[in-house]
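Note that the structure is predicted; figures quoted are calculated from it, not measured. Letters A, B, ... mirror the listed sequences (proteins, then strands); counts begin at 1.
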2 protein chains.
Amino acid sequence: MAWNTERTRELLLAAATEEFSAKGLAGARVDRIAAAAGVNKERIYQYFGKKDELFDAVLAAEMVRVMTEVPITGSGPESFGEYAGRLFDRHTTDGVLPRLLFWEGLERGGDTVSRATRSDHCAIKVGQVLEVLPGIDRTDAADLLITVITLCDGWPVLPQIDTLLAGSSADRTTRRRAFIVRTATLLAEALAAEAKPAPEAALN
Amino acid sequence: MAWNTERTRELLLAAATEEFSAKGLAGARVDRIAAAAGVNKERIYQYFGKKDELFDAVLAAEMVRVMTEVPITGSGPESFGEYAGRLFDRHTTDGVLPRLLFWEGLERGGDTVSRATRSDHCAIKVGQVLEVLPGIDRTDAADLLITVITLCDGWPVLPQIDTLLAGSSADRTTRRRAFIVRTATLLAEALAAEAKPAPEAALN
DNA sequence: CGCAATTGCAACTACCTGGTTGGAATTGCG
DNA sequence: CGCAATTCCAACCAGGTAGTTGCAATTGCG
């Protein structure tokens, strides 16, 4: 054996991540990925099979990365709101994962090739929510997560909406962040209050 | 003069809407649009210039259509929540506009060609929010709209997220709708309360 | 050093793309 | 009916695509 095969793989994966994020599955060019990685074209087919499978590898890796980089910790609605803020920041400074997710949703209509590995990590995420907001319904936890993810991921992908509706003031990002954090906290509070009814107020 | 030129235009626009929604700007095929419209290829270039401009025409038309079909009416937070529900329904039964918006955001990075006409209609929308929730800040109204639009539009485009996080139970759509309506109502209540401080409770 | 695994190179296939062109056919107003 | 505007048809262009192949060069373990 010879060569550092692992390094070649990672170079390709990194270049592919950039390319797919920018241009999508159909728009990405295999030649460009190989050139950016400084690696020959056929390595892609050797290591990942075809374009589609390379995209899968990229998306899975990126999901796991972000999920571990931005954990849900602490306890109570405030903590959950603060998580939303961190996720927002992460996506604002690096919009790769949001873009990959929306590309996948649009170009493949949700028919993921390798759903298996990813769903495990997602289950962990729902578990984290239940730890921070104990007692709430599992379905509500999932919906809460979906809401926050949709809001944080949608922001870097839909700059038009913001410009059209709110104009282009300098600190739009700051305002949007604050609004999302507020939304997340508010929702978490509502669900938590419902889980363990307050001493004075009953259900409703 | 002869021929029904207006009809030709509309046939092309309808076919293009379908094609662009499904495949995006880069993925759409001019030949396929022409064939679906039962019209010859060069008509597209004659009427709309190039592919890009056809996309603009499609997106503008679709935005105006949905905006007029789903107005923001009534008064109070409940009314706003009900608007969110109607928007959700509209996008769930016909996901064309959401897809077009996300395609544009991803493929053109927010650099819209014809922003002018669309921004007018958006200003109207913000105005409608201010009528339903009088007294709230204009920026908050915009953020409220952006939030609801992101949630309602993101849903049909990101089926993966839902499947991964919440499983694939039969009534996911119903649950998601309820959660979004609740979120919209909750936010509207919070902003309205802030606008005209309650008799008993002061600011904060 | 030797040798097998890995890689670079460059050409190649087979096909698809947006956009254009020239001429013939169709339409319906006046 | 005449005629001009509109449309169809079919070929065409220049360029780009994913994926493959055969061969020579490089690498580093044993």
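When the nucleotides D:dA18, C:dG8, C:dG18 are ranked by their closest atom to the side chain of A:Lys51, D:dA18 comes out on top. Closest to the side chain of B:Thr5, from the set D:dG19, C:dT7, D:dT6, is D:dT6. Closest approach to the B:Tyr45 side chain among D:dT7, C:dT20, D:dA18 is made by C:dT20 (side chain taken as heavy atoms from C-beta onward).
By the 30° and 60° cut-offs, the orientation of the rings of B:Phe88 relative to B:Trp155 is tilted.
Taking atom CD1 of residue B:Ile33 and atom C1' of nucleotide C:dC16, one finds them 16 Å apart after rounding to whole Å. In this structure, the OH atom of B:Tyr47 is 14 Å from the P atom of D:dA5, given to the nearest Å. Between the P atom of D:dT17 and the CD1 atom of A:Ile44 lies a distance of 13 Å, rounded to the nearest Å. Residue A:Arg32 contributes atom CZ, which lies 11 Å from atom C1' of D:dG16 at whole-angstrom precision. One can place CZ of A:Phe55 at 17 Å from C1' of D:dA18, the figure rounded to the nearest angstrom. In this structure, the CG atom of A:Asp31 is 13 Å from the P atom of D:dT20, given to the nearest Å. B:Lys23 places its NZ atom 14 Å from the C1' atom of C:dT17, with the value rounded to the nearest Å. The nearest whole Å value for the distance from the CD atom in A:Gln46 to the P atom in C:dT7 is 6 Å.
Looking only at atom types and distance, the side chain of B:Thr147 has a donor-acceptor partner in the side chain of A:Arg176 under 3.5 Å away. Neither side chain, A:Arg43 nor A:Thr5, offers a donor N or O lying under 3.5 Å from an acceptor on the other.
Taking side-chain N and O atoms only, B:Arg29 has a distance below 4.0 Å to OP1 or OP2 of C:dT17. One finds no side-chain N or O of A:Thr8 lying less than 4.0 angstrom from the OP1 or OP2 phosphate oxygen of C:dT6.
Looking at heavy-atom distances under 4.0 Å, B:Ala26 makes no contact with the nucleic acid at all. B:Gly38 comes within 4.0 angstrom of the backbone, heavy atoms only, and of no base. A:Ala34 comes within contact range of no nucleotide atom at all, as no heavy-atom separation falls under 4.0 Å. Across all strands, A:Arg43 comes closer than 4.0 Å to base atoms (heavy-atom distances). Across all strands shown, A:Lys50 has heavy atoms under 4.0 Å from sugar-phosphate atoms exclusively, and none from any base.
Between B:Arg175 and A:Asp143, none of the side-chain N atoms (NZ, or NE/NH1/NH2) sits under 4.0 Å from a carboxylate O, so this pair counts as no salt bridge. Using a 4.0 Å cut-off between charged side-chain N and carboxylate O, A:Glu82 and A:Arg86 make a salt bridge.
Under 3.5 Å, the side chain of B:Lys41 and the base of C:dG19 form at least one donor-acceptor pair of N or O atoms.
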